[in-house]
Every structure is written in C-alpha cells, then in structure tokens.
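Below is one structure, written out as structure tokens; the observations come after it.
Throughout, a chain's letter reflects where its sequence line sits, starting with A, and its residues are numbered from 1. Since we're looking at a predicted model, the values are computed, not measured.
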Number of protein chains: 2
Amino acid sequence: MPVENTGFSDLLWQLAFQVRSRCQRAVAESGFTLYGMHVRLLHLIAAEPFCRAQTLVETSGRDKAQIARLLKDLQAQGLLTRAPHPEDGRSRVITLTAEGNELLATVRAAEQAVESEFLAKLSEREVETFVRLGRKMLAP
Amino acid sequence: MPVENTGFSDLLWQLAFQVRSRCQRAVAESGFTLYGMHVRLLHLIAAEPFCRAQTLVETSGRDKAQIARLLKDLQAQGLLTRAPHPEDGRSRVITLTAEGNELLATVRAAEQAVESEFLAKLSEREVETFVRLGRKMLAP
DNA sequence: TTTTATGGTTGATAAAGTCAACAATATGTC
DNA sequence: GACATATTGTTGACTTTATCAACCATAAAA
C-alpha cells in the first residue's frame, strides 16, 4: 500500500539541487575547475582508506564506467594515485596525494560555508535529526 | 563560522540520487518514456494552476532554457497546452491536458511505491519531521 | 518617445549518467 | 590441473541534465 503524498520526493529533489548547485558554484568561485562528481569522489576516497574502484561504485551507487572515468581524470590531475591491490590483481588501491588532500581541505571549507547557509535555519538538534533520519532511510 | 562536519551534504547527495534513480527506473518500467525532468515538471504544473514558464523557473530553480525545452517536449506529447497569458503578452498559461493528468496519476503511483520503500524505515512522525525540516531549509 | 528590463526560444556546449563490449583476473566445478 | 563462470576495470557510444549566450517580442521605467 503506497504512502499518502508526503511531499518527500519533491522536497528531496528541490533541496538536493539547491545544495548541489550552490556548492558547485562556491567551489568554482574558489578557483577550482573540478566537476561536482570529482569533489564527491575525493570525499569518498578520503573517508575510506584502502578503497578501490569497486568500493566507490558500491558506496556511491554510481555506474562503474562513470567512476572509472572520474578516477582517471583525478589521477591525471595528480590528486590521487592507484597502486596494485595486494590481494586482487584486477584492482588498484586508491590513495589521495598530498595535493589531493590539500585541495580537498580547501574545497571542504567552501562547501561548509554553503552548507551553513542551509543549516543556519535549523537548530543543532534539528540538523542531527535530519541527518539521522536520512541515514536511516539509506541503511540496508 | 562554518559548521562542523555534519555529514549533511554527503547524506543529501546519496539519498537524493538513490531516490531519483529508483523513481526513474520505476517510471520507465511502467512503460513511459519520460525523462525524470519531464515528470518533475508535470508535478509542478499540476501543483500550480495558471502557471507559466517563469513560474516553473522560479519554483524549480532551473535554467529557463531547460524549462522551455522540457515544456516544448511535453506539449509535443500532448500532455500540456499553452494559452496566451491574459496579462502578459510575453507569456503563456500552462495547463495539463486530460492525457497529461491521467499519465501523471499513473506515474505518481509508481513513484509512491518507490517512496514507500524508503519511508517504510521511518515512522509517520519521523517522515513528517524529515519533510518539515527539509522545507524549513528551503524557505526564503 | 526612448531606454532598460523581462519572458521565452533556440544555439552551442559541458557535466552527469547508462548500457555494452571486452580483456584480465578470480572463483567454482570436475 | 583444465575448463567454465563470475568479477573488476577500461573504453566506446550514446542519453539526460544543465548552463551560458544571443536574440526577439513585450513590458516597464525614464
């Protein structure tokens, strides 16, 4: 039995787009020519040491073709390295370079400034609730 | 002063993509060859009688070029009509056709089935809280 | 009346996304 | 060990979403 119209999808569609485009504009204004997806991947790699492409595919839910291309771009920009995986000859371990880490720190600052514009309208407790409920929906 | 890392952007990015791609797959499996953005626009038009392109641009935050193209598509598919605006010679009033309304009702059912998969993990109260907090962030 | 602003259309292009094909490697079966 | 099947990652090819620019018609301001 489908739920009543909660406005959930509409809300998510709107909020996600607003946050996303605002963040991307802020990153661009900081002088970086990274795609939004490049930034998201940098975040994921930083959050998950010893990851490989397959890890990112699973975590992000994105298509492996897209992930492979983005990784290739980021490696070309010197932001990450890929070393043979010790246990799987088909994979490589992905690591951020010092440059990659530095850039990510700067990008994070820009993104957090944008985030705070949205979150300023909520109490700390409300923010925590929103994130917790969202994560609950994402849990397997 | 930027907020601490709340995980907000990450969550939003993940959740929005998951919901979006699931919904789009469900709509496609219902036999419709509509883009995701077509569907979103149909929702917006249905929700706002007497709207025009500019209305949709403002409500959605999308670029007017994109909105114009999507409207053109939907009109070509017989899902909406555009009549001269009584007060503004540059605009047209957008109205869903009977076919458009019918299609939207069907699409809504498919989307709500998907929605309920995500929302089933929350109580009704939690759903309402999530949506309320989200809307609070979007308020001007 | 003239100038400036706005709404909508189209051109052109970029970013995000998806499915397919294939080579290399891993795993399972006998 | 040999062979069949599955998985991982790369690239080709294409679609969908998104953005900026240019322009015309109309509206609003000066």
Side-chain angles (χ1 to χ4, degrees), chain A residues 13-14 16-25 27-29 32-41 44-45 50-77 80 82-94, chain B residues 13-14 16-29 32-41 44-45 50-77 80-94:
Chain A
W13 179 68
Q14 295 261 26
F17 177 74
Q18 298 296 335
V19 172
R20 187 170 71 241
S21 53
R22 274 291 294 113
C23 277
Q24 281 172 22
R25 208 174 306 139
V27 169
E29 281 163 4
F32 299 117
T33 56
L34 289 179
Y35 299 161
M37 287 303 298
H38 286 142
V39 172
R40 300 302 341 152
L41 266 204
L44 289 183
I45 296 160
F50 212 72
C51 65
R52 51 183 185 142
Q54 178 62 9
T55 316
L56 301 176
V57 166
E58 285 169 7
T59 302
S60 67
R62 267 23 178 217
D63 186 87
K64 61 183 181 176
Q66 188 183 6
I67 297 295
R69 291 190 170 93
L70 294 166
L71 288 176
K72 186 175 177 175
D73 291 343
L74 291 170
Q75 183 171 350
Q77 291 182 56
L80 63 81
R82 290 189 278 187
H85 198 285
E87 288 161 24
D88 186 340
R90 304 166 303 183
S91 292
R92 284 177 284 176
V93 178
I94 301 160
Chain B
W13 180 68
Q14 295 261 29
F17 178 73
Q18 297 295 337
V19 171
R20 186 169 75 241
S21 52
R22 274 293 292 111
C23 277
Q24 283 173 21
R25 207 173 307 138
V27 168
E29 281 163 7
F32 300 117
T33 55
L34 289 178
Y35 296 164
M37 288 302 298
H38 286 143
V39 172
R40 302 300 345 153
L41 266 204
L44 289 182
I45 295 161
F50 211 70
C51 65
R52 52 186 185 139
Q54 176 62 10
T55 317
L56 300 176
V57 167
E58 283 170 6
T59 303
S60 67
R62 269 22 179 216
D63 184 87
K64 62 184 182 177
Q66 189 183 7
I67 298 296
R69 289 187 171 93
L70 294 167
L71 288 175
K72 185 175 180 176
D73 291 343
L74 291 170
Q75 183 171 349
Q77 291 182 55
L80 63 82
T81 58
R82 290 191 275 188
H85 197 284
E87 289 160 20
D88 187 340
R90 303 165 303 181
S91 294
R92 283 176 287 177
V93 178
I94 300 160

- Between C:dT6 (C1') and B:His85 (NE2): distance, integer Å: 14 Å
- So which heavy atom on B:Val93 is nearest to which on B:Pro86, and how close? CG2-CD, 4.0 Å
- Distance, nearest 0.5 Å, that separates CG of A:Leu41 from CG of A:Leu74: 6.5 Å
- Query: Side-chain contact, heavy-atom cut-off 4.5 Å: A:Leu56 with A:Leu70?
  - Reply: no
- Query: Between residues 55-67 of chain B and DNA chain C, which residues have a heavy-atom gap below 4.0 Å?
  - Reply: B:Lys64, B:Ala65
- Message: On a heavy-atom basis, which atom in A:Gly61 and which in B:Phe17 lie closest, and how many Å separate them?
- Response: O-CE2, 3.5 Å
- Message: What's B:Arg20 touching, base or sugar-phosphate or nothing? Going by heavy atoms closer than 4.0 Å.
- Response: sugar-phosphate
- Message: Once you apply a heavy-atom cut-off of 4.0 Å, does B:Arg69 come out as touching a base, just sugar-phosphate, or nothing?
- Response: base
- Item | Side chain to side chain, A:Tyr35 and A:Asp73, heavy atoms closer than 4.5 Å | yes
- Give every residue pair that meets the side chain to side chain donor-acceptor pair (under 3.5 Å) criterion with at least one member in residues 55-71 of chain B, sequence neighbours excluded. B:Gln54-B:Glu58
- With sugar-phosphate meaning primed atoms plus P, OP1 and OP2, does B:Arg82 contact a base, only sugar-phosphate, or nothing at under 4.0 Å between heavy atoms? sugar-phosphate
- So, does the side chain of B:Arg92 form a donor-acceptor pair with the base of C:dT9 at under 3.5 Å? no
- In whole angstrom, what separates A:Tyr35's OH from C:dA15's P? 4 Å
- Task: For A:Arg22, check side chain to side chain contact (heavy atoms under 4.5 Å, CB included) against everything at least two apart and list the hits.
- Result: A:Arg25, A:Val114, A:Glu117, A:Phe118
- Provide, to the nearest angstrom, the distance between the CZ atom belonging to B:Arg52 and the P atom belonging to C:dT9. 12 Å
- Query: Checking all strands, does B:Ala68 fall into the base, sugar-phosphate, or nothing category for heavy-atom contacts under 4.0 angstrom?
  - Reply: base
- Query: About how many Å separate CG of B:Leu44 and CD1 of B:Ile67, when rounded to the nearest 0.5 Å?
  - Reply: 7.5 Å
- Are any of B:Ser21's side-chain N or O atoms less than 4.0 Å away from OP1 or OP2 of C:dG17? no
- Message: For a 4.0 angstrom threshold against heavy atoms of chain B, report the outermost contacting nucleotides of DNA chain D in 5' to 3' order.
- Response: D:dT16 to D:dA27
- Message: Let me confirm one number: the CG-NE2 distance from B:Leu71 to B:His38, rounded to the nearest 0.5 Å.
- Response: 9.0 Å
For nucleotides 23-26 of chain C, print each protein N/O atom paired with a nucleotide N/O atom at under 3.5 Å, atom names and distance only.
| residue | atom | partner | partner atom | Å |
| --- | --- | --- | --- | --- |
| C:dT25 | O3' | A:Gly89 | N | 3.4 |
| C:dA26 | OP1 | A:Gly89 | N | 2.6 |

- Inter- and intrachain pairs under side chain to side chain donor-acceptor pair (under 3.5 Å), touching residues 82-92 of chain B, at least two apart: B:Arg52-B:Asp88, B:Arg52-B:Ser91, B:Gln75-B:Arg82, B:Asp88-B:Arg90
